[in-house]
A.B. asks: 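What follows is a structure written as C-alpha cells; I'll ask about it next.
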Amino acid sequence: MDGAEEEMRDGMERARRYAGFFDWPLNRDVAEFGVVESLAKSLKISGSLFFKNLSIRGRGSDPPDLEAMDFNDLRIAIEVTELVDGQAIHLYKQGFTGVYSLWGRDRFLNRLNEILAVKHALYDNLKDGPYGGGYIVVIHTDEIDLTHIAVQEYLSNTVFPGYPCIKKAFLILSYFPGIGYPLFELNLV
C-alpha cells in the first residue's frame with residue numbers, strides 16, 4: 001500500500017460520519033477552506049461577496065484559521081467552527097447510527113451564543129494582526145434537524161449582542177438541492 005492509500009484509509013477510519021458534510025478528516029485546513037469557499041459561493045450568488053484571495057494560515061499559524069482581503073485590500077481574519085452535538089457523535093461512533101440530535105429554538109440560539117462568545121474571546125489572540133478588514137466568524141452545520149426552514153424561523157428577529165470584536169458572523173448549512181448552501185448572516189449588535 002502506498003502513502004496515499006494509507007492516508008485515505010486513515011482518513012476513513014477517523015471520519016465521524018455523523019453530521020459530517022463539511023468534514024474532511026485528512027486535513028482540517030482543507031475542510032475549513034471548503035466551508036469558506038461554500039460561503040463565498042453563496043455570497044456571490046446574492047451579490048454580497050465582500051472578500052477575495054482566501055488563504056489557509058495552517059496549524060501553528062492560527063488563529064485565525066484563514067485570511068482573505070476585502071475589496072479595499074485590507075486583511076480579514078476568518079475563524080471557522082462547527083455547530084454539532086458532541087453526544088450524538090459519540091453515540092453514532094458507538095454504533096447507534098440512527099441517532100440524531102433534536103434542536104429546538106432555545107437550544108440552537110444558546111449554542112450559537114456560546115460559539116460566538118468563544119470566538120469573541122479569541123480576538124486578542126489573533127496572530128499577525130492587525131486585520132483592518134475585520135474579524136469574521138463562520139459557523140457550519142450538517143445537523144439533520146437544523147433545516148434551512150427551521151433555522152430561518154429560529155433566527156427571525158434574533159439579535160446576538162455583546163460581540164463588538166466580530167465584524168460579521170455567518171451560519172452555513174450543508175448543501176441542499178435547488179438552494180445550494182443555505183446561508184444566514186447573524187444579526188450582531
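One-based numbering along the sequence shown. Every value quoted in this text rests on a predicted model; they were computed, and no experiment measured them.
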A.B. asks: Under a plain distance cut-off of 3.5 Å, with no hydrogens placed, do Arg75 and Tyr131 share a side-chain donor-acceptor pair?
C.D. replies: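 Yes, side-chain donor-acceptor contact under 3.5 Å.
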A.B. asks: Mind listing the closest non-hydrogen atom pair of Ser174 and Asp142 along with its distance?
C.D. replies: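 So the two residues come closest at OG-OD1, 2.6 Å.
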A.B. asks: Are Glu143 and Asp85 side-chain neighbours, meaning at least one heavy-atom pair lies under 4.5 Å?
C.D. replies: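 Yes, their side chains come closer than 4.5 Å.
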A.B. asks: Output a table of donor-acceptor pairs, distance under 3.5 Å, between side-chain atoms of residues 162-170 and any protein atom two or more places apart or on a different chain; print 'none' if there are none.
C.D. replies:
residue	atom	partner	partner atom	Å
Tyr163	OH	Asn113	O	3.1
Tyr163	OH	Asn113	OD1	3.0
Lys167	NZ	Gly133	O	3.2

A.B. asks: Let me check something: do Val36 and Tyr175 share a hydrophobic cluster, defined by ILVMFWY side-chain heavy atoms less than 4.5 Å apart, either directly or through other members?
C.D. replies: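 Looking at the clustering, Tyr175 is in the same group as Val36.
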A.B. asks: Would you call Leu146 and Leu83 a side-chain contact if the rule is heavy atoms closer than 4.5 Å?
C.D. replies: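 The answer is yes; the side chains approach within 4.5 Å.
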A.B. asks: State plainly whether one hydrophobic cluster holds both Phe71 and Leu66, where clusters connect Ile, Leu, Val, Met, Phe, Trp and Tyr through side-chain heavy atoms under 4.5 angstrom apart.
C.D. replies: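 Yes, Phe71 and Leu66 fall within the same hydrophobic cluster.
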A.B. asks: Taking it one step at a time, do Leu183 and Leu171 satisfy side chain to side chain contact (heavy atoms under 4.5 Å, CB included)?
C.D. replies: CA-CA 6 Å; Leu183 177 65; Leu171 175 68; over 6 Å; no
A.B. asks: Could you go through the salt bridge (Lys or Arg N to Asp or Glu O under 4.0 Å) check for Asp145 and Arg107 one step at a time?
C.D. replies: CA-CA 12 Å; Asp145 196 43; Arg107 180 176 183 223; over 6 Å; no
A.B. asks: When you compare the side chain of Ile172 with that of Phe184, does any pair of heavy atoms fall below 4.5 Å?
C.D. replies: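 The answer is no, as the side chains (C-beta and beyond) never meet within the 4.5 Å cut-off.
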A.B. asks: For side chain to side chain contact (heavy atoms under 4.5 Å, CB included), just list the numbers for Thr158 and Arg105, CA-CA rounded to whole Å, side-chain angles, deciding distance to a tenth of an Å, and then say yes or no.
C.D. replies: CA-CA 11 Å; Thr158 300; Arg105 183 180 191 276; 3.1 Å; yes
A.B. asks: Looking at Arg57 and Asp29, does any basic side-chain N land under 4.0 Å from a carboxylate oxygen?
C.D. replies: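 Result for this pair is no, no salt bridge flagged.
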A.B. asks: Got a second to check how far Asp65's CG is from Ile56's CD1, nearest 0.5 Å?
C.D. replies: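 Result: 10.0 Å between the selected atoms.
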A.B. asks: Find the distance between CG (Asp62) and CG (Leu122) and round it off to the nearest 0.5 Å.
C.D. replies: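 Nearest 0.5 Å value for the CG-CG distance: 8.5 Å.
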A.B. asks: Looking at Ala121 and Asn125, what are the two nearest heavy atoms and their distance?
C.D. replies: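 Closest pair (atom of Ala121, atom of Asn125, distance): O-ND2, 4.4 Å.
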A.B. asks: Would you mind reporting whether Phe108 and Asn110 have side-chain heavy atoms less than 4.5 Å apart?
C.D. replies: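 The answer is no; the side chains never approach within 4.5 Å.
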A.B. asks: Looking at every non-hydrogen atom in both residues, tell me the closest pair between Asp70 and Asn72 and how far apart they are.
C.D. replies: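 The answer is OD1-N, 2.8 Å.
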A.B. asks: Can you tell me if Gln152 has over 12 outside heavy atoms packed within less than 6.0 Å of its CD?
C.D. replies: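 12 or below, so no.
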A.B. asks: Could you measure the distance from the NZ atom of Lys52 to the CE atom of Met69? Nearest 0.5 Å is fine.
C.D. replies: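 Nearest 0.5 Å value for the NZ-CE distance: 6.5 Å.
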A.B. asks: Parallel, tilted or perpendicular for Tyr123 and Tyr135, by the 30°/60° rule?
C.D. replies: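 Ring orientation of Tyr123 relative to Tyr135: tilted.
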A.B. asks: Would you say Ile139 and Leu186 make side-chain contact, with heavy atoms under 4.5 Å?
C.D. replies: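 Sidechains of Leu186 and Ile139: in contact.
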A.B. asks: How about Phe51 and Ile76: do any of their side-chain heavy atoms sit closer than 4.5 Å?
C.D. replies: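 They are in side-chain contact.
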A.B. asks: Ion pair present between Asp106 and Arg111, side-chain N to carboxylate O less than 4.0 angstrom?
C.D. replies: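 No salt bridge links Asp106 with Arg111.
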A.B. asks: Mind checking the CD-NE2 spacing from Glu32 to His140? Nearest 0.5 Å is all I need.
C.D. replies: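 Glu32 atom CD to His140 atom NE2 measures 7.0 Å (nearest 0.5 Å).
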A.B. asks: Are Val137 and Ile78 packed together at the side-chain level, in the sense that at least one heavy-atom pair is separated by less than 4.5 angstrom?
C.D. replies: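 The answer is no; the side chains never approach within 4.5 Å.
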A.B. asks: How long is the straight-line distance from OG of Ser38 back to OH of Tyr181, given to the nearest 0.5 Å?
C.D. replies: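 Between atom OH of Tyr181 and atom OG of Ser38 there are 4.0 Å.
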A.B. asks: Please check if Val35 and Phe176 belong to a single hydrophobic cluster, counting links between Ile, Leu, Val, Met, Phe, Trp and Tyr side chain heavy atoms closer than 4.5 Å.
C.D. replies: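 In one cluster with Val35: Phe176, no.
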A.B. asks: Can you measure from CD1 (Ile115) to CD (Glu79) and round to the nearest 0.5 angstrom?
C.D. replies: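 Reported to 0.5 Å precision, the distance equals 12.0 Å.
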